[in-house]
Every structure is written in structure tokens, then in C-alpha cells.
Amino acid sequence: MEQGARSAGRRDASRRRVLAVGALGGIVAALAPRLAAAKPEDVAAAIKKLYGDKAIAAGKVKLEMPQIAENGNVVPMTVTVDSPMTDDDYVKAVHVFAEGNPIPAVATFYFTPACAKAVCSTRIRMAATQNVVAVAETSKGELFTGKTEVKVTIGGCGG
Amino acid sequence: MATPTPRVRVPAKAKKGEVIEIKTLISHDMEMGTRKDADGKTIPRKIIKLFACTFNGKEVFKSDWQPGISANPYMAFFAKVNESGTFEFAWHDDDGSVYKASSKIEVA
């Protein structure tokens, strides 16, 4: 993958610039082999990398997604975390992972007490039928997780 | 690709302490860097990697995006407003460009 990126960079100057500016391509490349779908273990490893061996309780985090997504390119997702969202107890971050995507990390949402509710919606890409996992971190350092399965008719990760 | 056009929807007026929903959308391919063109060359990755919203200069919400976010990214979230002011939105592209939008709200 790293080699692939380099040769692509030789072919395409703009690619090189993108890599130089972000240096993110390399990081993403290190996280996931190209187009090979991630496995649930990869998500577990990614979560472990974020939070080490800290206990993560199930619950409080709800992922609202369609049970069946016809088009994997655009799957609506609403993340809801049960939290009072006060100055001393609020949800700091929610990490979302898709277990079967080439790059399992999908997004991280950072909330503040000014949000009043730890709720947000977006649209994600899904390569195949898989679980979506969310991990929420509160300002007190507690961790919660929730997951949901989405059946995908047509995958949305190119190729 | 044309310059991404951001669109935001913030209510024009709100009561003090009201929780409002903010919806945002920006036209952007979110090229994931794994697709190939007709010649078999990989199309370089070009996505918006960070979205941030501030109110009167104070951070309200932000989000890191990976290629797993759909093209023309949509983002909706909530905010509690206690005073009149301006919401500012910024989308940070892989290539370093920042697309901006802002919206005023009157709080009675």
C-alpha cells in the first residue's frame, strides 16, 4: 500500500501534494489495506488504540440507521447518546466505526455542553452488510458503546 | 470539480435557552482514494477531513471525517442559544482549502 501510494505519487503530482499537505494518506494506509474489508477485530483494535484497556459499558449510545440500505453510498445515520450535557457531565466525543469497510473508522463527533443534546446525523458509506459501532467518551472519562447491523444491497466503497 | 458550495440551515429567530437544530450540507465529492479511473489509475484521495461549528467564536461542535462519509456530506446537530449571534461553519479540505459559511440568529 505504502509502495502503491509512492508510485501513484510519481505518476501524479497532485497526489503527492495531497499527501504532503495532509500526510493523512499514509496514516489511513497504515490503518487498512486497500479495499480489503476490515474485520470486527480491526475495530476492536482501533478502539483499544484509543482507550487502551479501559472498561466500555454497553448502552446509552444509540445508532439509528435503516435496517436495510439499498444504496451503500448514502446510508443515513443518527447517533444519540443519553447524557445530561451539563458543564460537568457531557459527551466529549463519539467515534463511529464500520466493521466491514476498507477503512473502519468513519467519523468522530466532538460535542460541547453548548450542544444541549448529544445527537447528530450524517450520511455514511458502507461496503457491505455489517455492524456499525459507536463509542462515546464522556467528560468524566466514562465510555459507552452501542452498535447496529445494517444490511446493504449495493456496496458503496468504489473499487 | 466546482468549488464546494456550503449550505446551512439555522433558524432566524429563537427564544433564549431554546435548543435549535442546525443542518449543514456541502457539495463535495469526498473522493476516497481507493477508486480507479478508466485507465486503472487510482484517483487521489480528496475529502473534507474536518468540519467545525462555532457560535460567537466559541466551539459548539466539530467532527473528524474519514473517507467513509458520503459524498456531499450532510451534518445535523443541536445547539442551545442564550444570546443573539453568529454561527460560523468551516469545512477543511485535504488540500488545505477551507470552505466557510455563517448564519446569524436573533435571540429574544
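Only heavy atoms go into these numbers, but all of them, side chains included; no hydrogens, no water, no symmetry mates. So you know, we letter chains A, B, ... as the sequences are listed, proteins then strands, and number each from 1. Values in this document were obtained by computation on a predicted structure and should not be read as measured data.
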- Task: Begin with the C-alpha distance, continue with both residues' side-chain angles, and end with the deciding distance and a verdict on side chain to side chain contact (heavy atoms under 4.5 Å, CB included) for Gln66(B) and Val106(A).
- Result: CA-CA 5 Å; Gln66(B) 301 290 341; Val106(A) 173; 5.5 Å; no
- Query: Under 3.5 Å, side chain of Asn131(A) to main-chain N/O of Glu99(A), donor-acceptor pair present?
  - Reply: no
- Note on the structure: residues 97-108 of chain B vs chain A, non-hydrogen distance cutoff under 4.5 Å, contacting residues -> none
- So does Asp93(B) pair up with Lys49(B), basic N to acidic O under 4.0 Å? no
- Query: Does a sphere of radius 6.0 Å around CD in Glu83(B) hold more than 12 heavy atoms from other residues, nucleotides or ligands, not counting ones at 6.0 Å or beyond?
  - Reply: yes
- Message: Quick check on Val60(B) against chain A: is it the side chain, the backbone, both or neither that has a heavy atom closer than 4.5 Å?
- Response: both
- Item | Given Tyr51(A), Phe144(A), Phe109(A), the one that forms ring pair (Phe, Tyr, Trp, His ring centres under 6.0 Å) with His95(A) | Tyr51(A)
- Item | Toward chain B, the part of Val75(A) with a non-hydrogen atom under 4.5 Å | backbone
- Message: Among Phe51(B), Phe55(B), Trp65(B), Phe61(B), which residue has the highest count of heavy-atom pairs closer than 4.5 Å to chain A?
- Response: Phe61(B)
- Ionic contact status for Arg45(B) with Glu31(B), cut-off 4.0 Å: no
- Task: Side chain from CB out, backbone as N, CA, C, O: work out which of these in Ala52(B) comes under 4.5 Å of a heavy atom of chain A, or both, or neither.
- Result: neither
- Query: chain A heavy atoms under 4.5 Å from Ile22(B): which part of the residue, side chain, backbone, both or neither?
  - Reply: neither
